[in-house]
Amino acid sequence: MAFVNQIAKRAFSKSAAMSAIKNVTVIGSGLMGAGIAQVAAQTGHTVTMVDIDGEAVKKAEKRIQSSIQRVAKKKFGGDGADAEKFVSDAIQRLSTSTDAVASVTTADLVVEAIVENLDVKKKLFSQLDAAAPEHSIFASNTSSLPISKIAEATNRKDRFGGLHFFNPVPVMKLLEVVRIPETSQATYEAMVEWGKNMGKVTVECKDTPGFIVNRLLVPYMFEAVRLVERGDASPRDVDTAMKLGAGYPMGPFELIDYVGLDTGKFIVDGWAKEYPDNPLFQPSEMLNKLVSEGKLGVKTGEGFYSYKK
């Protein structure tokens, strides 16, 4: 009985330790990485934001400071003292680095938000796995790659999961918490608790392509493209129909232009390769042509619509 109690105490201790996420390392200083780092700092976590590009880190740090100031203004209105303290405290909790390995030595949680390339992610996590403490939880913010394949690069599959945020992170309330078969219950609970402490609404999902939102959203956008490819309707009429008939805030063509046609192509190409028999994952010739012409949507000034002034 004493032995059983001892095991139970150790298990409880490990669970408690894993749930107490205080020190967070965010790898990547792009829109997603910077957004995650910002919200973590705002909500009382000690954060290190990492990028191999020193100039990118500096630019991200400036964006974060400006964003935190906007949050403070909205949160505290005309109360200058409280707003100033909120900004000052958050900025003090945030540090930056260009050394990913050195940045994880005291991390309770490592969130990766770098390029959507499986080999690059696996190489990174393999390096971090050797440097991070045993209790550290690893998570990827990938929107389309299998978490289980990324986790293969580590010896901590039980402490590995997905934390899929949405852009812009400071505004969007949802966080998809993704677990692979090896993810322990303690790890899952710690990720959920951290997400709630970040002010997010969490939903659980298994490691299925696209998780919940993108698994439904990407095929929806591509079905809209196929509808137009067949000549059944125009992009404008499809968008109007879905906004007024289904109550969506954006139509599928407005949405894919906003997301980026290249991003949509990247996701579907990956899914088609992994699941060639699924008709929902088949590429679109029309979208491929637009991407080849450099018409990627809002960010290039033209996609299915023109955004040039």
Side-chain angles (χ1 to χ4, degrees), residues 12 14-28 30-49 64 67-68 71 75 90 93-94 107-114 116 121 125 135-151 154 156-218 220 249 259 267:
F12 176 81
K14 183 177 181 181
S15 175
M18 292 178 73
S19 67
I21 294 174
K22 301 297 183 185
N23 299 320
V24 180
T25 297
V26 179
I27 312 293
L31 288 177
M32 296 306 296
I36 295 167
Q38 175 188 328
V39 176
Q42 287 174 190
T43 50
H45 301 88
T46 301
V47 186
T48 303
M49 181 178 64
I64 288 172
S67 183
I68 291 175
V71 171
K75 184 180 179 70
R93 296 188 196 102
L94 176 66
D108 300 315
L109 172 67
V110 179
V111 182
E112 167 270 313
I114 63 172
E116 286 285 82
K121 289 180 188 292
F125 275 116
H135 77 276
S136 296
I137 295 173
F138 284 3
S140 176
N141 180 61
T142 181
S143 60
S144 62
L145 297 174
I147 300 295
S148 57
K149 290 194 174 182
I150 303 172
T154 74
R156 61 180 76 213
K157 290 183 180 180
D158 61 320
R159 287 151 286 155
F160 207 111
L163 289 168
H164 184 218
F165 290 85
F166 292 80
N167 186 37
V169 180
V171 176
M172 300 295 280
K173 300 294 290 183
L174 183 66
L175 172 60
E176 291 179 326
V177 180
V178 184
R179 59 195 305 175
I180 60 177
E182 295 88 352
T183 304
S184 71
Q185 185 64 22
T187 296
Y188 166 70
E189 290 174 359
M191 291 193 299
V192 168
E193 181 181 348
W194 180 72
K196 291 178 178 177
N197 289 339
M198 291 269 283
K200 303 302 181 185
V201 176
T202 64
V203 291
E204 178 186 354
C205 185
K206 292 182 179 179
D207 190 22
T208 187
F211 316 132
I212 297 174
V213 174
N214 284 342
R215 177 63 179 83
L216 297 174
L217 206 56
V218 173
Y220 156 71
V259 170
I267 293 172

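- Pairs passing the side-chain hydrogen bond (donor to acceptor under 3.5 Å, both in side chains) check and including a residue from residues 207-217, sequence neighbours excluded, read Ser148-Asp207.
- Expressed to the nearest 0.5 Å, how far OG1 of Thr25 lies from CG of Asp108 amounts to 9.0 Å.
- Aromatic ring orientation, Trp194 versus His45: perpendicular (interplanar angle above 60°, classes split at 30° and 60°).
- The heavy-atom pair separating Ile68 from Ala90 by the smallest distance is CD1-CB, 3.9 Å.
- Each of Thr187, Ile137, Ile150 was evaluated against Phe160; a single residue qualifies, Ile150, per the side-chain contact (heavy atoms from CB on, under 4.5 Å) test.
- Using a 4.5 Å cut-off on side-chain heavy atoms (C-beta onward), Glu193 and Ile21 make no contact.
- Of all non-hydrogen atoms in Phe165 and Val169, the two that sit nearest each other are CD2-CG1, 3.8 Å.
- Of all non-hydrogen atoms in Ile64 and Ala37, the two that sit nearest each other are CD1-CB, 4.4 Å.
- Rounded to the nearest 0.5 angstrom, Ile114 CD1 and Ile27 CD1 are separated by 8.0 Å.
- For Lys196, there are no salt bridge (charged side-chain N to carboxylate O under 4.0 Å, His left out) partners at least two apart in sequence or on another chain.
- Counting only residues at least two apart or in different chains, side-chain hydrogen bond (donor to acceptor under 3.5 Å, both in side chains) contacts with residues 163-177 comprise His164-Glu176.
- Counting all heavy atoms, side chain and backbone alike, Pro170 lies closest to Ser67 at CG-OG, 4.3 Å.
- With rounding to the nearest 0.5 Å, the separation of NZ in Lys206 from OG1 in Thr183 is 11.5 Å.
- The main-chain N or O of Gly33 is never found under 3.5 Å from a side-chain atom of Asn141 such that the two would form a donor-acceptor pair.
- Here Thr46 pairs with nothing under the side-chain hydrogen bond (donor to acceptor under 3.5 Å, both in side chains) rule; sequence neighbours left out.
- One finds the CZ atom of Arg159 at 8.0 Å from the OG1 atom of Thr154 (value rounded to the nearest 0.5 Å).
- For Lys200, there are no salt bridge (charged side-chain N to carboxylate O under 4.0 Å, His left out) partners, not counting sequence neighbours.
- Judged as a salt bridge (charged side-chain N to carboxylate O under 4.0 Å, His left out), and not counting sequence neighbours, the contacts of Arg179 are Glu204.
- For Ile147 against Gly162, the heavy-atom pair with the smallest separation is CD1-CA, 3.7 Å.
- For the atom pair CG of Leu163 and CE of Met198, the computed distance is 8.5 Å after rounding to the nearest 0.5 Å.
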| request: Test side-chain contact (heavy atoms from CB on, under 4.5 Å) on Asn197 and Thr43 and set out the steps. | output: CA-CA 7 Å; Asn197 289 339; Thr43 50; 5.8 Å; no
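- Glu116 places a side-chain heavy atom less than 4.5 Å from the side chain of Lys121.
- In plain terms, the two heavy atoms of Ile267 and Ser143 that are nearest each other are CD1-OG, 4.4 Å.
- Side-chain atoms of Asp158 never come within 3.5 Å of backbone atoms of Glu182 as a donor-acceptor pair (strictly under, hydrogens ignored).
- Here CG of Leu217 is found 12.5 Å from CD1 of Ile212. Values are rounded to the nearest 0.5 Å.
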